[in-house]
Every structure is written in C-alpha cells, then in structure tokens.
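Here the structure comes first, spelled out in structure tokens, and everything after it is commentary.
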Amino acid sequence: MAERSTAAVDVADNSGEESLTAQADQSTADGVANNRERDTDSDEGQGSTTSEESGKASPPELHSGHKLARRYRLEECVTRLDGFSSWRAVDEKLRRAVGVHVLPADHARARSVLAAARSSALLGDPRFVQVLDAVEDNDLVYVVHEWLPDATELTALLASGPLEVYEAYQMVSQVASAMAAAHREGLAHLRLNPNAVLRTSTGQWRIRGLAVNAALRGISSDTPQRTDTEAIGALLYAALTQRWPYESDAYGLAGLPKDIGLIPPDQVRAGVHRGLSELAMRALANDGATASRHESACTTPEELVKAIGEMPRIRPPEPAFTAPPEYQRTTYQQGTYGRPAPRPGATQPVPAPPPPLQSRTGKALKWGVSALLIAALGLGSWQLADALMERGGKADDQNQTQTTDGNDKNDKQARPTKPIAIQGAQEYVAKGDAQAAGDVAKTYDGDSSTYWRTKSFVDGPEMKPSFKPGVGIVYDLGSAQTVSSASIGLRFSGDHTTVTLYATDSLSPAGPVDSMQKLGTTTTSGSSATVKVNKPAKTQYVLVWFTALPYASGDEYSNAGYKQAVTDVTFKG
C-alpha cells in the first residue's frame, strides 16, 4: 500500500494547491483564463506532494504584451502558482499560438524543469503535445510548447456526460500506448489527469505536460510506471461513469460515496461495457488495493496495452442512416386535393416523375392537349350551370323544403378542441423531497418567462426509481372535463424529456402513480412536449409526470446535471 498511496496523492487529492491557487487568483492581473486548454490545471489540480521544497524565488513581473527572446509575445496568463506562471502566447516569427511556462532562473526547480522539457522534446512522439523550446535567458527560464486551439480537454467532454463506449475505448488505447512508449524512453508523466488529456477535432487523443508538469511542481515517484498506470485507470473510470474513483471530488466530477470503497464502474452506472469496467479496475488495483474479479492487476502501461489487445475489439457505432427526402411535386400534379393527409411516420410510395416532353412533337402535343382540356372544361361548366338553373326552377315551382336529418353524417365529424382553464395545481411528491412547491402556479400564469423547476440530479436522463421515481404536478380543472391533449412548455432541451399524463382522484392523490389511470405519454428532445390522450377520458384532476430529464448546465438556482423546468401547461378537451 505504500507505493499506491504515493500515486494516489497525485491522482486523487486536490486539496494541496487550494490555498496557493487562491493566492494566485488575487495576484494575477490578467485573470485566470477559462480556455479549454489550460496549461497546468491548478484550479482543480491534484495533490502537490513534492520531493523538494518549493522555490523561494519570487515570480518574475510579467504582463500581457511582454516579449521573450524578442519572439514570444505573452497574451494571457492562464496560471500563476508557486513561483511560476503559464501563458498563452504568440510566436511572432512563425505566427502561431504557443504555450509558455516561465519561472525565475534561481527557482529551486528551474534546472529540473529545463531537463524535463529537453528530454520530452527529444521524444518527438506526436501523441504528446510537443515541447518547442526550452531556454535559460538571463534571469528567466521558460519552456515553449504547442497550443492546440481545436482540442478539447477530457474535463470539458465529461461535463456533459460519460463518453460513448467506442470513445472511451479509443481514449484508453491511445493514452496507454503513448505512455508505454514514453516509459520505454525513461520518461514519466506523474500528472496524468483529465486536464492533461485532449481530444482533437479529428478524434485523436493527445497528452499534455509529459515530465514538465511534474517538474514544475517538484513531484516525483519511486514507482513512476505504476503511478501513470493508475492514473490511466482513473481516466477510464471517469470516462465510463462521469465519477472520480476516489472519495474526494475533482476536475468537476463527483467522487464516490464515502465508506463503500472502490466499486467497479458497471456497478456505478448501468450499461457500462463489462470489459472496459474490468480494465479500469485492473489498472486501479495496485498492491491488491482492489480485487478486480479474477484478473491480475496491471502495474505498467505496457501491461495495460497488452490487456487492451487481449480484449474483443470494440467497433465504432454504425452511422445513422438518413432517409432521402421525398420527391416534391405541386398539389395539382400529385392529385392530393380533397384526400386525407397521410398518418405521421407512414411511408408513402414516391411516384416517378413523368419524362419531360422536350421535342417539337412533344411541345405540339402539350399545346393540343391543353386546348382540348380548356374546351372540355368550358362545355362542362356551361352544361352544369344549365342543369343547376333548371333544378332550381323546379324547386321554386313546387315550393319544396328540404329538411336536415338530425343523424346526418356531418354531425359525426370530429369537433374542434378547446382549451380547458386550470383552476389550481399542487406538486406531487412520490418519494423524497419536493422540487419547487411554491412555483407550481407559474406553469399556468400565461407568462412564459416564469417557470417551475426540478432540482439537479447526478444520474440520467432516466430517473432512478429507487431514489426518485419521478417529479410532477397535479392540476385541478375545476370540474370533470374530457381531456384530449396537453401542451407543455419546457425550459431545457436535450436528450431527453419523458412526460406522462395520469387521471387522479384528487389534488393530493394518496396512491402511487401505478394506481392511477394512464392517459398518454411522449418523449421529446426539444423545448416543448405535446401529450395526446390515447382514449379521451373525463377527469377533474390530471398529473403531469416526468420520468426522464435532459442534461443542462448550472444556473443561479442549481448546479449542472439532469433537470427540467416547466414554463406553460395547457389542456385541451
């Protein structure tokens, strides 16, 4: 356990740098950028346990616009921490964006940073963000590296949910292979976390800060291969579950519940790939800290690469087939006038367009047919008018009156629906706490800017029956009404919202949802939902019940998570 605890400090603990980051935020004149490619991930950094004392030298006084070597113009400070600073800069010679780490030449770690940067530059592996320059210039030491404006950190990707199975497989395969190659050359990362792993626009995964990020913080390890292997296991665990595999929260991810230990990913979230779940546990199971079913632990990136190769290959998802648009013709040509519209979703045969008549004979034929049609229409119109006039005269002579049968078929046509006024509403709580009981009236006040909202849930989109089977509101229609549909305005769109209508016996029904009469259900990814009642039913009380919520970012009321808000509800009968 001694060796594992050394690695876990860097991977799991994010408390060591908190005070230093707070000081850095106060002292950074340019502010800390929210750029998706942060250089040193100090705001959610891992532990800062070091093998030497922090440098005593004061950070150099740098500012936006300052030039290094008359070439690198500093643009934006993204980190200022522990005597060094990291910048987004511009290489004016090559006219491209770069990243720069700067620290005083007399800093206690300056020599180790230079050595780490030069060793990393010699590796030349394209799977790593490349070191472009490492210079000691008078009283400064600076390291210049690539800046990838089209790349996205794994931290940002996981903010919206876990990765798809194929994406997680590609990530762990590429990262493990890259780290195995680095260790063969004697290089370790020791700061491998979601902020250090980037996905480019082409789908390639790249690693930032090889050897350099650890040297900047003075981090070392007696077992570097095991440290990096466990870090890869933590990355895969987070990619599969959107959870950090330790008790503490880190990198915008919630940690595991306390006192339950490290449980496999397929026990944290339903639907996780069994092989990848076991692979994550084998990488995290160093020194027997976690028994990974019946497989032995992987203690080096090379062993991890071998384990990945022994797995059945995970193939990319099949591309979604998009049906070609139907052949569009005018209403007159289609002959659809007076015909009922096809049912939504029904496949209609597409008639082949007639061959064009482009020759002289064809044009003459078209004109001849047109003339005959005009003559026939004129003759038919005259005969029809004459017949109607004759019939009208007979009717006047005989003073006949036509009566209408009360059972005429026209009375059987569907009557137009009309809105049903809502007289009151109350939130229905099946389990746990209420969501926003005081805001239910805002869903039928006629103001789309007001709304009732749910709380933010960690798991989704489907709500967990064991924790919260659903959320909703019961509406009072004043008296028994025949309900045919409901229109519901939603504040958040995304994949996906599921809403169901139930007929209840009161504004505060005592029984569970299963005991109520189900009227209809729908699932939508948009900002509104229309629920059609399968068989119109007469009821005074209707429950609008949500069982799936989309993912939405944080706001002034709640954190990011699976949630929904209702702006307007209208019933029709």
Side-chain angles (χ1 to χ4, degrees), residues 20 24 27-42 52 54-151 182 185 187 189 191 195-196 198 200 206-219:
L20 292 172
S27 62
T28 304
D30 300 300
V32 177
N34 291 322
N35 191 289
R36 47 186 182 172
E37 188 184 1
R38 288 169 293 176
D39 287 290
T40 55
D41 49 81
S42 63
E52 58 179 326
S54 298
K56 303 299 182 181
S58 60
E61 293 297 329
L62 302 175
H63 54 81
S64 296
H66 185 93
K67 286 187 183 180
L68 299 174
R70 298 182 180 179
R71 175 176 178 176
Y72 304 111
R73 186 180 73 249
L74 304 183
E75 291 285 324
E76 182 182 21
C77 182
V78 295
T79 302
R80 196 186 299 272
L81 174 71
D82 204 15
F84 70 89
S85 58
S86 299
W87 296 75
R88 176 177 60 82
V90 174
D91 182 349
E92 293 187 336
K93 185 174 181 180
L94 298 180
R95 297 183 180 179
R96 62 178 178 180
V98 293
V100 182
H101 301 301
V102 186
L103 67 164
D106 57 352
H107 194 285
R109 302 176 196 145
R111 298 297 164 197
S112 60
V113 169
L114 278 175
R118 289 166 180 168
S119 299
S120 179
L122 290 174
L123 180 63
D125 192 319
R127 292 171 292 188
F128 295 92
V129 174
Q130 298 295 298
V131 172
L132 304 175
D133 207 351
V135 180
E136 180 179 2
D137 184 12
N138 296 328
D139 56 345
L140 291 178
V141 167
Y142 56 90
V143 176
V144 182
H145 63 84
E146 285 183 292
W147 187 271
L148 307 178
D150 67 331
E185 299 298 326
L187 291 173
H189 197 292
R191 289 279 298 174
N195 288 340
L198 313 172
T200 66
R206 300 186 67 179
I207 301 172
R208 177 173 58 199
L210 177 66
V212 176
N213 281 3
L216 285 167
R217 290 164 177 78
I219 294 173

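We count residues from 1, following the sequence as given.
None of Val141, Val144, Leu62, Val143 except one satisfies the side-chain contact (heavy atoms from CB on, under 4.5 Å) rule with Val102; the exception is Leu62. Of the listed residues (Leu94, Val98, Val90), just one forms a side-chain contact (heavy atoms from CB on, under 4.5 Å) with Arg71, and that residue is Leu94. For the pairing with Glu146, the side chain to side chain donor-acceptor pair (under 3.5 Å) check across Gln130, Arg206, Arg208 returns one residue only, Arg206.
Note that the CD1 atom of Ile219 and the NE2 atom of His189 stand 10.5 Å from one another [nearest 0.5 Å]. Put simply, CZ on Arg73 and CZ on Arg88 are 9.5 Å apart, with the number rounded to the nearest 0.5 Å. Distance check: Asp125 CG to Leu210 CG gives 9.0 Å after rounding to the nearest 0.5 Å. Atom NE2 in His145 sits 15.0 Å away from atom CZ in Phe128 (nearest 0.5 Å). One finds the CG atom of Asn213 at 11.5 Å from the CD1 atom of Ile207 (value rounded to the nearest 0.5 Å).
His107 approaches Gly83 most closely through the heavy-atom pair CD2-O, 3.8 Å. The shortest heavy-atom contact between Gly99 and Trp147 is CA-CE3, 3.8 Å. The two atoms that bring Leu103 and Ala110 nearest to each other are CD1-CA, 3.9 Å, heavy atoms only. The heavy-atom pair separating Arg109 from Leu216 by the smallest distance is NH1-O, 2.7 Å. Taking every heavy atom of both residues into account, Ala89 and Val100 meet most closely at CB-CG2, 3.8 Å. Contact detail for Asp137 and Ala69: the closest heavy-atom pair is OD2-N, 4.4 Å.
Residues Asp106 and Asp139 form no side-chain contact, since every pair of their non-hydrogen atoms from C-beta on lies 4.5 Å or further apart.
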For side chain to side chain contact (heavy atoms under 4.5 Å, CB included), just list the numbers for Lys93 and Arg70, CA-CA rounded to whole Å, side-chain angles, deciding distance to a tenth of an Å, and then say yes or no.
CA-CA 9 Å; Lys93 185 174 181 180; Arg70 298 182 180 179; over 6 Å; no
Given Arg217 and Asp82, is the side chain to side chain contact (heavy atoms under 4.5 Å, CB included) satisfied, shown in steps?
CA-CA 8 Å; Arg217 290 164 177 78; Asp82 204 15; 5.8 Å; no
Output, in order, the C-alpha distance, side-chain angles, deciding distance and verdict of side chain to side chain contact (heavy atoms under 4.5 Å, CB included) for His101 and Val113.
CA-CA 10 Å; His101 301 301; Val113 169; 5.9 Å; no
Is there a side chain to side chain contact (heavy atoms under 4.5 Å, CB included) between Tyr72 and Tyr142? Walk through the geometry before answering.
CA-CA 10 Å; Tyr72 304 111; Tyr142 56 90; 4.2 Å; yes
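Within 6.0 Å of the CD atom in Glu185, the count of heavy atoms belonging to other residues, nucleotides or ligands does not exceed 12.
Between the Ser120 side chain and the Ala116 main chain, no donor and acceptor come within less than 3.5 Å of each other. When atom types are taken as modelled, the side chain of Thr79 and the backbone of Ser85 share no donor-acceptor pair closer than 3.5 angstrom.
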